[in-house]
Every structure is written in structure tokens, then in C-alpha cells.
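What follows is a single structure, written as C-alpha cells, with notes after it.
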Amino acid sequence: MIDTLKRKGGCSSCGGVDDDSRLLGGSVILTKLEAINNWGRKYSFFQYPFVTACCGMEFMSVCGPKYDLDRFGAALPRFSPRQADLLMVVGTISHKQAPILVKVYNQMAEPKWVFAFGVCAVSGGFYDNYATVQGIDTLIPVDIYVPGCPPRPEMVIDGLIKLQQKVMESRWSDYPKGASPVSNDK
Amino acid sequence: MNEYIPVLIMILLAAATSAGMIVATTLIGPKKKFADKMEPFECGESPIVSPKLRFSVKFYLIALFFVVFDIEAVFLYPWAVLFREMGLFGFAEMMVFLFILAVGLIYVWKRGALEWE
Amino acid sequence: MVSLNAYLILGAILFSIGAVGVFTRRNVLIIYMCIELMLNAVNLTFIAFSRFLNNMNGHVFVFMIMTVAAAEAAVGLAIIISVFRNKETIYVDDINLSKG
Amino acid sequence: MEANITINKLKARFAESIVDAHSYRGDDTAIVKKEELLDIFIFLRDDKELLYNFMMDLTVVDYLGKEPRFEVVYHLYSLAYNRRVRIKTRVSESECSVDSIVSIWPSANWFEREAFDLYGIVFKGHPNLSRILLYDSFQGHPLRKDYPIKKRQPQIGPNNN
Amino acid sequence: MAANLIESIVKILFIFSVNIGFFSPILGWVERKQSALMQDRVGANRADVCGFTLIGLFHPIADAIKVLTKEDFIPEGADRLFHTIAPFISLTPAIITFAVIPFGGQYELFGHHVNLIIADLDVGILFVFAFASLASFGSVLAGWSSNNNWSFLGGLRASAQMLSYEVVMGLNIIGVIMVYGTLRLSQIGAMQADFFNWGIFLQPVGFVLFFTCAIAENKRAPFDVAEAESELVAGYFTEYSGMKFVMFWMGEFLEIVTIGALVTTMFFGAWHLPFVSDQMLLNYFRFAGPNGAASLAIVVNIITFFSKVIFFIWLQMTIRWTLPRFRYDQVMRLGWKMFLPIALINIFITGVVILAK
Amino acid sequence: MQLLMFYIFGLGAVLSATLMVTNIKPVTAAMNLIMTMFFLAGIYVLLDAHLIAALQIIVYAGAIMVLFLFVILLLNVHEKEGETARRKVVIQFGSIAIVGSLFIIIAHLAVIYPSAVKVITDTAYEFGTTKAVGKMLFTDFLLPFEIASFLLLAAIVGAVILAKRRIDDSE
Amino acid sequence: MGIPIGKLKPKKVRKNIDLTLWERLYIFEIIRGMTVTTKHFMANLVGFVLHAKGKKRNIITVYYPEEKVELPPAYRGRPVLVMRENGKERCVACGLCEKICPASAISIIAEENENGDRYPASYLLDMSRCVFCGFCEEVCPKEAIVMSSEYEGLAKRDRNDLLCTKEMLLRTENSVKGRIEYIRRIYAKCNY
Amino acid sequence: MSDSAKDLHSEYMVINMGPSHPVTHGTVKFLLTLEGETIIDMKVDIGFLHRGFEKMCENGTWEQVMPYTDRLNYVSPLINNVGYALAVEKLVGIDVPERCKYIRVIASELSRISDHYTNIAAGAMEVGGFTAFLYFVEARELVWDLIEMLCGARVTSNYVRIGGVKSDLPDGFKDKTRDVFKKCRKLWADVNKLLTKNRIFIDRVRNVGIMPPDEAIAWGFTGPCLRACGIPYDVRKFHPYLVYDQMDFEVPVGEKGDNFDRYLVRMEEINQSMRIVEQALEKIPSGPINVNMPEYRWQSKEDISTRIESLIFHFKTVTEGIKPPPGEIYSAVEGANGELGFYLVSDGSGKPYKCRVRPPCFPLTAAMPKMVKGGFIADIVPTFDMINMIGGECDR
Ligand code: SF4
Ligand code: SF4
Ligand code: SF4
């Protein structure tokens, strides 16, 4: 069991690294630009709420008045994956749902991030059976894992702040990421 | 004619701005293409039919009424400007005009072309 | 200062482009558009004359032409639609009205 | 006794089709033969003193190892008399089918599809008996007792374990 | 000539900076912040530059940066050309229309006649309509060229809706023109120096209709059926990403400003303070000398005008965040069966009243 | 200045008109026609026909072309590939070459040679304004004006009958 | 039992909802709606602008990372292990929590120490599975595992980081004192 | 017409609405056949949230099922908890103490309030009334504060136990409830003003998704959707469980069975539920909250740590699970969406042999095509919202 848990979580490491940008990477202007760019991205997550299950209730709360994800600039839900930056996978992903999740992920425009919201998305939670996917990282690369069933809004915000840090650390060359599209063989 | 020069400048400027935005975003953004992504979005499924199909003739009718009433409005503009000068005669004139078009509207209405079902 | 002739010639050119289109294209819709273009060319001539003769009758004419064009477009396109229903084509070669 | 009026009426009317009846913890239950299921249901629905107009629930229980293996369980409710009854019918694994009651209660439509999906019971005469909760390429029927809980189907990518 | 050119360039730059530089980013912020406050929330407030957050004012900047560096996406099967120019067609007219809207009176400044309007056209309001009618191509092309079913439906809805409301708006404006006898917006504005001559008193029905139609034309809630999130995903711009998608929004935001400005100009006394005409303003500021007085008056004009505009922006936002959306057929019914007859009757009544006077 | 404008607009109009004629796709053709109309509106402005210029855009570009666009999308016929491809080459080269060169040459001639008509350069301030057009329309051309309304009525009725016939038939 | 259908007097809700002409005219109801939202807007605007530091805002929003909500004692955060004074865990590796955990999030390897007492040689709690149900706390006979009020710092960039070992779970008794008292109270004898 | 397929008016568009579509909440797919905007045909595909609830139950002990029931109708988890506990208690044949009954009533009604809040909020949001949505989310947040105070979790409460509840009412619960309800009533009034008489909203929901009463019965409607048709079927009145027969509340019914009625019924039920909670808080007696039966309810910590036989019992029940006698029962409670039935079969072992839930929104969803066919795409939105399909419950 521990072995399976030790699986490499996600493949969010950079894929198609562009050599030119590596070379330029050292220059001050470019780092500055990169920082500015990351700053913009970090405070402007348009999210694609892939809400399927109970976590959606807490997701509503996070967007709702009391916790207000909008404070972080991340409350604007876009239901078109082209316009979204942050794929919020909220809730259980069943095997029936899996191809759809993959498709939505694939259809998102670069750069994109994935947020696993709740233990079901993280690992399948306590639904360890024939119907549920054991963690969305078996399907798509995940950037941040927020456990909890459902996570408290604070935990989500925590996760978002962590994600913002991650974005701040990212480089030009990290995008587009993923060496190849996530396959969707049925 | 001179008063149009600023308009021209404005048009050029506006067009340049919009065009600049489009060019900038096409140049700057990262690109990554593959088959799954290029497919039109349809709620996570593959589209079943292509949208390039014929749509209801109703939309044509709407456009048609639009054209007709737009022309009507076009006639009304000079009339409205002149209204005070022309007095009752002009008013009567236009009312005849409007009346005839109102007949048209009523016809269309009765004919059910404004219904959506 | 641009002379009247220049406008007239522009009108003529547009008209001839329209005419070329009417004769060469087979798509009814495009033919229709070409007709609109020709009407526009005529409008241009009207306006030009009216400007250079300092007589605004031309403007009113254009006004009327626009009205007619709109009415014509409305009915004409409706005809195209109903022809299309019967024939499933919008190419003049394929439309033979006598064999309704 | 008033509570047993349903069972009594059923017994009176379909004497030989009623295999068994009991009222465990007040739940009236009748086990009927599946051949006459439709008639029984029509009777239950239309009889003036019963009027079971709700088909509340339909499910299957898999008694693995017993024969017949499956039991299709219907829960009916009568709004007029505020009464519930449970009708069960037994289905063997070899002949895994039972008449569809969609014509009597449209609500049975999805319930039957679900039962088909999860247990593999075929409902004869169902207008569209296809999988409902699972996807079409799913093999087997997961709620049968012999389906291992963690057996996963090759639906998604290579990574699933 | 040169002075005129400089003057108009100054004005253009002013309007441009106000619109593109101020309103279009700030409206995104306003919309978020206002809706937040209306909904008992706080709204975006955390984007910081060197630790300053300025109640979230940096968020639009962050959005702009993000959007610029977002992948630009054209789906397969889409018509690349039209897919690209559709946002262009939507945005450009929205910027241009402001050219004919006056934001102040006419003054003598250093011996030069200053008219606070970019282009004082004889056809004034028609110019606005002309460009507004072009904008409908933007949505229909966007919807059609995306090769997406939702976009297609959205584009159709958008175009039909815009056409319908354009008609009503056109007819509805006739009443105003009848009252003021001109199409020149600067004149319409100037005629409202007297408080009781404000359009709202002369054309109350006209105001309500115009405002409603303008919102509908702009496809804002409650008329946002074309981009109705819960029905059509994102409507005609479903397949747009990055800047192109935001351009539709910018067009929408700029149109909010334009609507506010038009309503102000036609119904709410344009740049006039109630009971204060331009002449009176000049008199108040006599102490500053003729040029000073004129400049001060210009400043007051501009402030007054834009305050009113901002009020109407606020009003539009409030409406947007208060009301549920119509159903599509209801939108059309409202336009054709309710507003159109009312507009016609309004013309009639206006005529009768004016003649009776 | 005016000359420059004229050339820009004129050239634009001719170019987009040519493109319209030569294009296979009706949608592109329609968009090009809109461009033509736009340029023509510019030329009207040069000719002091302000109202007409605005109407050109409102009526032609804004209304009639929408109608066209709708019908194009409504019918949505696939292009006849072979047929158009054959014509395409001929049309493009033929018309662009001939018409384009004609334009440039003759336009130059036109500028060089004074026109036969007496040119009036100083028009009244009123020329081309809404008011002026209106005055003519509602006095001298009263009858056509009223007839126009009948025309429009006829257009509505006719088009509705034509377009809706099938619906009613099938009901 | 139960009221037969005839006897029940239901409350008709639709009675007076028919719109008057006034209400049909959209605009008045719209204005009414807008007054509601505007009221909220103004109240919040005032509360927002005039808000003094330290005073309670009247806006409901919690400024989370800086400001935290007050959690009720019942709140179930992540499960943690309670430490004895000597720094060792209280847990005796009885395995009840492992057994009851519906998510199978707990895995214990029990060993005996030199005194013959059982203790968990390894106590792994997979936070990526735990559903915060609180069963482990409820069944533990030793009050060794409790649901703390911790919820922060659980978001991780890597799923493997969510696997918590005994060392990561151990908390001093003081820090979870409130919770222990709470569970003593709710599972007290008087409640049975 | 014979060639109607070729006719201009009948070119159909086949389009997937969902599963990942804002209105379908990711859990259902509508395959629409449209003519223009009109829905010609509709196929509903569910199961996107099928998590194998029954299989999980059959593989866990009777107690371990409790957290799974939380996630059935995750908007009102406490009702599911109560329903399941009641079912097992019926199977076992035990009766819980009076105070526990009151607590369960309070918990269920709080849950019902939050469910209706969520439902109306989501409905309002999806017809465009975003502000109304957030007001109710705010109100729900307040109710959740209460629930959290009671259960320790906001959503997945896992509060009720077989033979009792987990914890007693916390201190100050009554006062807090009063405060919260005061605020909630204010927000309720605001939403009422924003929606109930607003013609735009009424036009969207009135005469849309009509279900005549007889058909509603045939399709198996229960709960607010059935009551909207004018049939006052409410399990709380018809088969009173717990102490509902001692509560004074009314059953709101509608007339036509359209979405507007559903909305109004829910709005009124919020008020009725608040009344019930208030009454229950007034009447609640003191006493124990759990049965003292070591074979069915885990022992108190005090006992476990002091009495060795308790400890042994405890070990036994935890590891083997409680063992109800073999048999089968069906027990229903009034869920937020309708009759929430549990059909349990026990074979005498520590695990449920069969744990079937009768999901109230399953038949409701099945009737979707019937309700919207012939309407517009936009009609799907309020109809789907007002039947309140909850994926966890529908797909299990
Ligand atoms: S993590 Fe928990 S709350 Fe979230 S979807 Fe899964 S079971 Fe539901
Ligand atoms: S809280 Fe529940 S899921 Fe988490 S470890 Fe404890 S028993 Fe397991
Ligand atoms: S139940 Fe308590 S004592 Fe037993 S193993 Fe778990 S934590 Fe340790």
C-alpha cells in the first residue's frame, strides 16, 4: 500500500524546454519580465470549476461571501476551458467521468494549472472501488493537492496561496508544459 | 468635411489598438496544439454534429423586419429633425407613413412571425 | 480638389466590377451582392453629381434607392430561400425556373 | 388485521402465485412468482381498496450461492390508504429475466435500467434497457456479490491500478 | 487648421486615455468590487505591488498581463480569418462611438474656439448607430466561425437580439430628436442647460426604453442570453481564449461607458449641473480671468459629465447584479411586441404634445 | 488632402469590390462588400453627403448585409469546388488586372483634364445635412416618400409569405 | 400512525402570487429588487470605508490568512496523535482505529517494547485518504488519536507529502487539551 | 411532409449539454436534439458520480456506512444520517432516547434548510440572479455554523450513530440558533424581494416544467416536487418518525406543479423547518442521547477506560461490527428532495448484506425529458435546478 502511495505525484515538471529561453534565462530583464508575468498570472486565475460532488458544496462556500475566493483574484468561473487557467477538480471522478476530465484538461489553453480539491480528487478518498478513479494524478498532472473531505474553505485558500507561490517560481520554459497531451484512450 | 478628420484619426487609432491587441496575443502566448485540444469544446464530449448547419428561417425573418424598420427609422430621422418646422402637415404625413408600416407590423404579428414557437 | 470625373469613373469601375461579377459568378447570393454593388455605384454617381451641381435631389434619390434596395434584398432573398427549398441549390446553372 | 389487508387480498386473488408472505417489523412482504408479476402489479395499482399508485423503489438482492440467486424487490406505496407493501420475486441466474413494469409505472424505467446495469437482470419489454450508471464498455455487473470491489476496468489511461 | 488638429488630437487622446486607459480596466474592477459589496463580500483585494494592494486596483493589471500571455487559440475547423477579426469588429466600434459624444460645452480659450467633443457631426447620433450596427457582425461572426455548437447558438441569439433592439432604439430616439430638433449631440446637450429641459422630463418613457434597449443591445444581464453561462457555456465566445476573449469584454465595458454617456447626453442634461448653465459657470469663475474661467468651466463640465456617466455605469452594474436573466424568446417578445409599439406610440404622443404646445 | 483621401477610399473600395467578386466563400464576399460600403461612405463624406454617408453604413452595411449574412448562414451551401476553382483564376487575374489598371489610368486622366460639368466648390453650409435632405424629402418628394412605405409594406408581406410558406404548409 | 391524505390541511403557497398590473410592468419590481441590493451595497460600502482597525467589520467575509474564524470545540480537523509527557505516543497500537477507518487511511505496525507494552513502530496516516470522519477518535480506547482543530498547511504540491508518519502526527497533550476534554464530555457516561 | 427532412426548418442540431456544463453540475449529460432553440428530444445520461455506494456498504461494517450516507445527498447529509440510523434501528428493533430524537429532528431540519437554501440559490444563480445566490449562500453559511457547532464538520457531518447521536447539543446552541435564524430570515426576505414577485424570474419559471399530479405520482415524484403539484405527501406527516408528530408545522403545496410552485414550496419549507427547529429547541427534554446497549452502540469513553468488560465489548463491536438479526426492512424519512428510503437486508453478520437507498431525485431526473420537451434550451435551466438533482444521491 505504501508503495502505491509513493507513486510520483503528477508529472508537472516541465516538458518541452526551449533551449533559447534557457540561454536567455540568466538575463536580468528576462527574469524581471518573468516575475511580472508570473505576478499577473498568480493574481488572475480564471477557474474552470469541474465540480462533480459533495466538495462542490464547500466550493460554493469558498466562492461565497464568507470566504470569497475573489479576494485572490480567482473567483471568476469560466465554463469554457479556453478561457480558464485553473482547473479546479472538485469532487469524485468516476471512471465514467474520467475521459471528460481529461478532455477538458486537454482543451484548456496554456498556461494551465490543476487544483485537486478534496481527497476524492487527490486519491479517490474512501471510495476505493470499481467506480472511482484513484486520484486525478493518474489522469492529468496536478499542481496542488488539497485534502479534506471536503476541505475547509481555509484549506482551499491555503492551497491557492501555495499555488500562487508555485506560479511565482515558474519559468517561461515551464509552459507549455507536459511533453505530450494527456492520452485519452478508451 | 473637416469635422471628420478627428473621426478618421479615431478610427485609425481604435483599429490600431484592437489590431495591436490581437497581434500581441498571437505573438506572445505559448502554443501547443494537438488533436484533442483542437476539437471544439462541447462540455467535455466530442461534438456530435458540426454546427455548420442551417438554422431556422426565423432568424431571417427577424433580420428582415429589422431591415424594414430600420429603413422606417431612417425616414424618421430627417422628419424628426424637421418636425417643429413642418408642423401639423408634416405630422400627418408621417402618421400616414407610420400607419402603413404599423399595418405591416400587425400583419407580421398576426401571422405569427414574431412567435418563437 | 478631386474632379467630378474621378467620382464618376470610380462609380463606373465599381459598376463594372459588379457587372463582371453578375456575369461570371454562378452563386446566386454573390450575384445578388454584385447587384447591390452596382446599385452602390449608381448611388455614388448620384451623390457626385448632386455635389457638383449643388442640387440635393440626388440625395433624395439615393435615399429612395436605399429603400428600394432594402425591399428588394428582403424579397429577393426570400425568393432565394424558397427556391433553395425546392432545388437545394443556389447555383444559377442548376436553377431552371421554368421547370418548377 | 388491517395491516395485512394487502397480503390477504393478494392471497385471495393470486393464491398460487404467492410463494410466501411475511410482515417482518411491520413491513408487509409478498414473494410472488415472476410469471404473474404484471397481473399482480396491475391488480395492486387498480384495485379500489389498494390503489398502490407509487412505485417507490425497485432493487435486486443477490443471494449468491442460493438458488434462485436473485430477488427483485419492489416497494409500492398507496397514497390513498397510506400503506406500503414489498413485493419480491425470485430470479435464477440462468434465466435472468423478469417482465418490465414500465407500462404500469413509468418511474420503473430508470430503476429497471439501474438494476440491469448493476445486477444484470434483464427486464423483458423495457423500451431502452441499457447501462445507466456505468459506461457502456463496462464489463460485468458490479453489485453482484462475486464482483470484486476493487476490480477496475480498463476505461482510462495506462496508470490505473 | 493646425490649432484645430492639435485640439482634436488632445481631445482624442483624452478620450482614449479615459476609455482604454481608465474605464476599460477599471470597470472590470468596479464590476467585481461592486458586485462583491452588493453581495456582502469583499472582492478582489490581494494583488500587491511592493506590498500595496490599493483595494484590489492591481487586479485588472494582473488580468491584463495574464491574458496577454495566455495561449491564443483557434479550434480546428474554425474559419481562421473571421475567428481572428471577430473580436476586432466587436471592440473597434465600441471605441469609435465615443467620438461624437460631447463631454463639455463650447468655450473660448486663448482666442481659440474649443468645443468639447471630438467630432461635432451633423449626423451625431446616427454615427453612433452606424457603428453600433457594425458591432453585431462581431458576435455573429464569432459564433459562426468558431465551429462550435454553443458558439453558433450564442452568435445567432446575439445577432437576432442586437438587431431587434437596434430597431427599437432607433425608433425610440426619434422622440428625443423631435423634442430637440437636431441630431447633433452637442446641440442636444446644449439645449439642456435649463434643468427643466432635461430629456428625462421631456421623454421619460423614451429614457426607460432607451436605457433598457441599450443594455439589451450591449447584451448585459438581464439580456445576456447570448453569453448565458448556464445555458450556452460562454455563448459566442466559447472558443476564444486570452486577449481575444477579453476584447469582447472590453467592448462590452466600453459600451457600458458609451451607454452611460449617451443617456447622460440625451436625458440627463449632458455636462450641465442642474440649474447651472455654462454662462453661469463662466460668471462664477470670473475671478480667474477669461481664460482661467473657461478652463475651470471646462474642468467642471468634464467632471460633471463623467460623474453622471459613472452614476449610470453604477446603475447598469446594479441592474446586472440584481436581476435574473430573461429567456431568449422573452427577450425577443419584449423587443418586438412591447417596446416597438411603445416606441411608436411614444413618437405619436410626443408629436401631439409638441404640436399642441 | 482630399485627393489623398479619395485615392485611399477609392482604391479600398475597388479592391474590396474585386475581392468580393472573386471570392469563393459567400461569407468572405459579404464581408468584402461591407468593406466596400464602408469606403463608399468615406467617399460620400468627401462629397459632403453626411446623412447619406451615415445611412450608407446603417442601411447597407448594418442592415442589408446582415440580411445577406443571415441568408448565407441560413442556406449554408458548400461551395462547388470544381466550378469555382475553374473560374477563380480567370476572374482574379482578369478583373483585377483590367479594372485596376483602368482605374489608375483613368483616374489620372480625370484629374488632369477638367471636367465638363461646371464645378461648384463652395457649397452652402447646409449641404448634405439631415435637415436639408429632410426638407427636400418631405416637400418635393412627398409622394415617393409615401410610396416608399407601401413598398416596405409589400416587402414585409411578400417576404413573410415567401419565407414562411413552408412552415404553414407543413402544419 | 400518520395522517391520512384527506385530513391533512396543506398550506397553499401560490395563492397571492398572481401579479398585479403594477407588478407586471417589470420596472417597479426591478426597482424593488435594486433597492435591496443597493441597501446591501451602501451598508457594506459604509462599513468598508469607515471600518476602523481592530473593530469588527459588518461584512461577513473573513480575511482568511490574516484573520481566522473561531472554530467550535466540536470541529474535526486533521487527526493527530497525542504525546505523553515522555515524548512517546499514547497509542498502544491496538488497531481499532485502523479497523474502523472507512478510508483505510491508517496503517499501523505494532511492536512491543522492552516493558512488554505494545506501541506502534510505524503509524502511517494517509491524509490523502482521510475523510475527517472522526471514527478513529471515537473508537480509540486510549484517547491517543484525536481530531485536532488543525486545518492549515495541508495543501501540498506532491501527493506523497500527504502521507504522514508518526513523527509528523505527534502533538503535545497541551495543544490538544481542549479536544480531549471535549471528547471526554461528549462520550461521557451521562450521555448513554 | 414527406421531404420534411430536407426542409429548411427541420435541420436538427444534436448537442451534448453536459456533463461538464454549468447547469448540469458535472453529474449529468443531456443529449439534446434541437430545432433552433426548441428541444425536440432529450436523452438523460447519469452515472457520472457513481461511486459504488452499495458496494462500499457491503464491504464495511454497519457503522462504517454512516460517513458514506453523508455523501449521498451531500446538501443535507444529516437527513441521510438520520434515515440510515433509523433504518438500522428498525432492523435491530431498538428505540432511541427522547432527547436523541429531538436532536435528530433539529439536525434534520437544519440540514433541510441548508438544502433548500442551496437549491434555490443554485437555481437563482443559473437563471442569472447571482446576488440572490450569494445571499442564500451567506444564509447557508450561517446555518452551517450551527451544524458545525453541533457535528464538528460543515458538510460531511457523520453525526448520527446507530442508537444515538455522536454528541449532545453544545452550550449556547439555542441562543446561537436564535441569532442565526434572525439573520437568515432577513436574507430570506431579501431573496424573496429579489425573486418571488420579479416578473423576469416568474416568466422564467412559471409554466415551465409542468408535471400534472397524476403523472407525477406515476413517475414516482416525492418531496417538494410532488407537493408542488398539490399533493401534500410528506413522510413527516404520513409516517411520522422521531417526534415529528409532536411538532406543529404545515405542509406547503403548490397548484400546478411547475417550477414556480417548486420554488415557492421550497421557500415556504425553509420557514416551516425553522419553526420546527425552534419548537424542538423549546421542547427538548434532558437525558441521555444514546442507547445503553453495548452490542449496538459503542460504549462511553469513561466505561471503556474504567471497565474491562466494556473494553472487551468495545473491541468486539468495533472489529466485528454490530450484528442485527437477519431480516429485511424498508424505512423512509422525508429527505430534502423527497422520500429517502433505506432498504436493508441483514444476514446476521457485521456487514450489511444489502444497503439500498431509494434516491428521491432518481425518478425526478428520469422525468426531465418529459418536463422540458417542447420547451426551449433555457427551460432546462430552472427545471433541472428545481428538481434539485444531487449527483451523490442519484448516482450513488
Ligand atoms: S472529498 Fe469528500 S466531500 Fe469531496 S467529493 Fe469526495 S467524498 Fe465528497
Ligand atoms: S478521521 Fe476517519 S478517515 Fe480519517 S483517519 Fe480517522 S477514521 Fe480514518
Ligand atoms: S485506536 Fe488509539 S490506541 Fe488503538 S491503535 Fe488507534 S490510536 Fe492507537
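Computed from heavy atoms alone, side chains included, the values below leave out hydrogens, waters and symmetry copies. By convention in this document, chain letters (A, B, ...) are assigned in the order of the sequence lines, proteins followed by strands, and residues within each chain are numbered from 1.
Residues H:Gly47 and A:Ser94 approach most closely at O-OG, 4.1 Å, considering heavy atoms. The two residues H:Gly52 and A:Ala131 come nearest to each other via the heavy atoms N-CB, 4.1 Å. In terms of heavy atoms, H:Val137 sits closest to A:Ser61 at CG1-CA, 4.4 Å. For the residue pair A:Asn129 and H:Arg51, the shortest heavy atom distance occurs at ND2-O, 2.5 Å.
In this structure, CG on H:Asp395 lies 9.5 Å from CD on A:Gln97, to the nearest 0.5 angstrom. For the atom pair A:Phe126 CZ and H:Arg71 CZ, the distance stands at 3.5 Å (nearest 0.5 Å). Distance CG/H:Leu134 to CE/A:Met60: 9.5 Å, rounded to 0.5 Å. A distance of 6.5 Å separates NZ in H:Lys29 from CD1 in A:Ile100, rounded to the nearest 0.5 Å. With values rounded to the nearest 0.5 angstrom, H:Trp144 atom CH2 is found 5.0 Å from A:Glu58 atom CD.
Contacts between H:Glu141 and chain A at a heavy-atom distance below 4.5 Å involve the side chain alone, from C-beta outward. If you measure heavy-atom distances from H:Tyr135 to chain A, you find no contacts under 4.5 Å at all. Contact annotation for H:Pro67: both backbone and side-chain heavy atoms come within less than 4.5 Å of a heavy atom of chain A. When heavy atoms are compared at a cutoff of 4.5 Å, H:Asn158 does not approach chain A at all. Only the side chain of H:Glu148 has a heavy atom closer than 4.5 Å to any heavy atom of chain A.
Proximity to chain H at a heavy-atom threshold of 4.5 Å picks out A:Cys149, A:Pro150, A:Arg152, A:Pro153 from residues 148-156 of chain A, in numerical order.
Shown here are the side chain to side chain donor-acceptor pair (under 3.5 Å) partners of H:Thr118, two or more places apart in sequence or in another chain: H:Arg140. In this view, H:Lys55 satisfies the side chain to side chain donor-acceptor pair (under 3.5 Å) rule with no residue, not counting sequence neighbours. Remark: H:Thr177 pairs with no residue by the side chain to side chain donor-acceptor pair (under 3.5 Å) rule, at least two apart or across chains.
The ring of A:Tyr130 has its center closer than 6.0 angstrom to the ring center of H:His50.
Looking at A:Thr52, its side chain never comes within 3.5 Å of a backbone N or O of H:Thr27 through a donor-acceptor pair.
With a 4.5 Å cut-off on side-chain heavy atoms, A:Met57 and H:Val75 count as touching.
Taking 4.0 Å as the cut-off between side-chain N and carboxylate O, H:Asp45 and A:Lys96 count as a salt-bridged pair.
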